[in-house]
Amino acid sequence: METFLRIIDRSSEWTGKAASFLVVVLTLAIGYDITVRYLFATANFWAYDITYMLYGIYTILGVAYCHYMKGHVRMDLLYSRLSRRGQARMDVICYLILFFPLFIILLYKCGGGAWWALVHGETSHASVWRPSLAPFKIAIFFGLLLFFLQGIAEFIRAFTVAIKGDPHES
């Protein structure tokens, strides 16, 4: 079990850190677009598509890392007043009622959408460039899958604390 949890943690960490470099590419693309548009009065037909795709991929590939680092916003009004074991029990309940059902639906729908885009060659209609949406949708599915796996790892940790009372070390 320890190895499984470590693999998930390292995958989330590596993917999140690697995805952070997409900000550089995104910044360069936006900077190029602004420079060409305002200094040379030339329109780019690819800038809008590239920016929303890069930003979407950057964001979705970083959510598992954010979850691993406990960076998501939490409603602390009641939660912070609970004992460690009480917090773990609350986490287990929330994972079972909210997280897992939502992510099963998201993975099913996004996986189907990514598969359809790949098989049918779906393209963007946002600009005249019309790039393929398959890489974008596959990245979204992959990011959601990593987030789901990180959620499983955190659920196992919370469940262990809820049952045993001591933290799960990995």
Side-chain angles (χ1 to χ4, degrees), residues 1-30 33 45-75 79 88-162 168 170:
M1 184 62 68
E2 297 295 325
T3 304
F4 174 70
L5 295 176
R6 254 188 246 109
I7 289 170
I8 292 172
D9 291 344
R10 295 308 150 247
S11 298
S12 296
E13 185 176 18
W14 184 86
T15 304
K17 288 180 179 181
S20 70
F21 289 104
L22 288 175
V23 169
V24 175
V25 179
L26 182 61
T27 303
L28 291 173
I30 291 171
D33 179 46
F45 56 89
W46 53 266
Y48 177 72
D49 286 315
I50 267 306
T51 54
Y52 83 76
M53 287 183 187
L54 282 175
Y55 183 70
I57 291 169
Y58 158 73
T59 303
I60 201 70
L61 291 179
V63 294
Y65 178 64
C66 184
H67 194 60
Y68 167 67
M69 298 300 292
K70 311 253 187 291
H72 287 119
V73 176
R74 193 183 284 275
M75 182 63 185
Y79 188 83
R89 287 179 180 152
M90 177 82 76
D91 287 343
V92 166
I93 291 167
C94 288
Y95 273 111
L96 291 175
I97 293 174
L98 301 171
F99 186 87
F100 291 134
L102 173 68
F103 272 85
I104 289 168
I105 293 167
L106 279 172
L107 287 170
Y108 174 74
K109 297 302 281 180
C110 289
W115 178 254
W116 194 89
L118 185 64
V119 169
H120 296 286
E122 182 182 11
T123 59
S124 172
H125 297 286
S127 71
V128 295
W129 181 33
R130 299 181 57 109
S132 172
L133 287 175
F136 177 59
K137 289 188 173 189
I138 290 168
I140 288 173
F141 175 74
F142 179 70
L144 287 172
L145 182 62
L146 277 175
F147 192 4
F148 183 71
L149 291 172
Q150 190 63 49
I152 290 172
E154 297 302 324
F155 171 78
I156 290 168
R157 290 181 178 109
F159 188 77
T160 302
V161 171
H168 185 280
S170 66

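All values reported here derive from a predicted model rather than from experimental measurement.
Under a cut-off of 6.0 angstrom, the local environment of CZ in Phe159 is sparse, with at most 12 non-hydrogen atoms contributed by other residues, nucleotides or ligands. The number of heavy-atom neighbours closer than 6.0 Å to CH2 of Trp46, taken from other residues, nucleotides and ligands shown, is above 12. When the shell of 6.0 Å around OH of Tyr55 is examined, it contains 12 or fewer heavy atoms from other residues, nucleotides or ligands.
Ile60 and Val63 make their closest contact through O-CG2, 3.2 Å (heavy atoms, listed as atom of the first residue, atom of the second, distance). The nearest pair of heavy atoms linking Asp9 to Ala153 is OD1-CB, 4.4 Å. Annotation for Tyr48 and Thr51: closest pair O-OG1, 2.9 Å, computed over non-hydrogen atoms. Summarising the geometry of Val92 relative to Ala158, their closest heavy-atom pair is CG2-C, 3.8 Å, with the distance given to 0.1 Å. The heavy-atom pair separating Ser124 from Met53 by the smallest distance is CB-CE, 4.5 Å. Residues Ala162 and Ala88 come closest through the heavy atom pair N-CB, 3.6 Å.
The main-chain N or O of Phe45 is found under 3.5 Å from a side-chain atom of Ser127 such that the two form a donor-acceptor pair.
Here Phe21 and Tyr58 keep their ring centres 6.0 angstrom or further from each other.
Within the 4.5 Å cutoff, the side chain of Phe147 has no heavy atoms near those of the Leu106 side chain.
Partners of Pro101 according to the side chain to side chain contact (heavy atoms under 4.5 Å, CB included) rule, which considers only residues two or more places apart in sequence or in another chain, do not exist here. With sequence neighbours left out, Asp49 forms a salt bridge (charged side-chain N to carboxylate O under 4.0 Å, His left out) with no residue at all.
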Ignoring hydrogens and angles, write down the donor-acceptor pairs under 3.5 Å from the side chains of residues 128-142, residues two or more places apart or on other chains.
residue, atom, partner, partner atom, Å
Arg130, NH1, His125, ND1, 3.0
Arg130, NH2, Thr123, OG1, 3.2
Arg130, NH2, His125, ND1, 3.4
Ser132, OG, Ala134, N, 3.3
Lys137, NZ, Glu122, OE1, 2.9
Lys137, NZ, Glu122, OE2, 3.3

Margin query: Working note: Phe155 + Phe100, criterion ring pair (Phe, Tyr, Trp, His ring centres under 6.0 Å); need CA distance, chi angles, decisive distance, verdict.
Written below: CA-CA 10 Å; Phe155 171 78; Phe100 291 134; 5.3 Å; yes
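Looking only at atom types and distance, the side chain of Ser20 has no donor-acceptor partner in the side chain of Tyr65 under 3.5 Å away.
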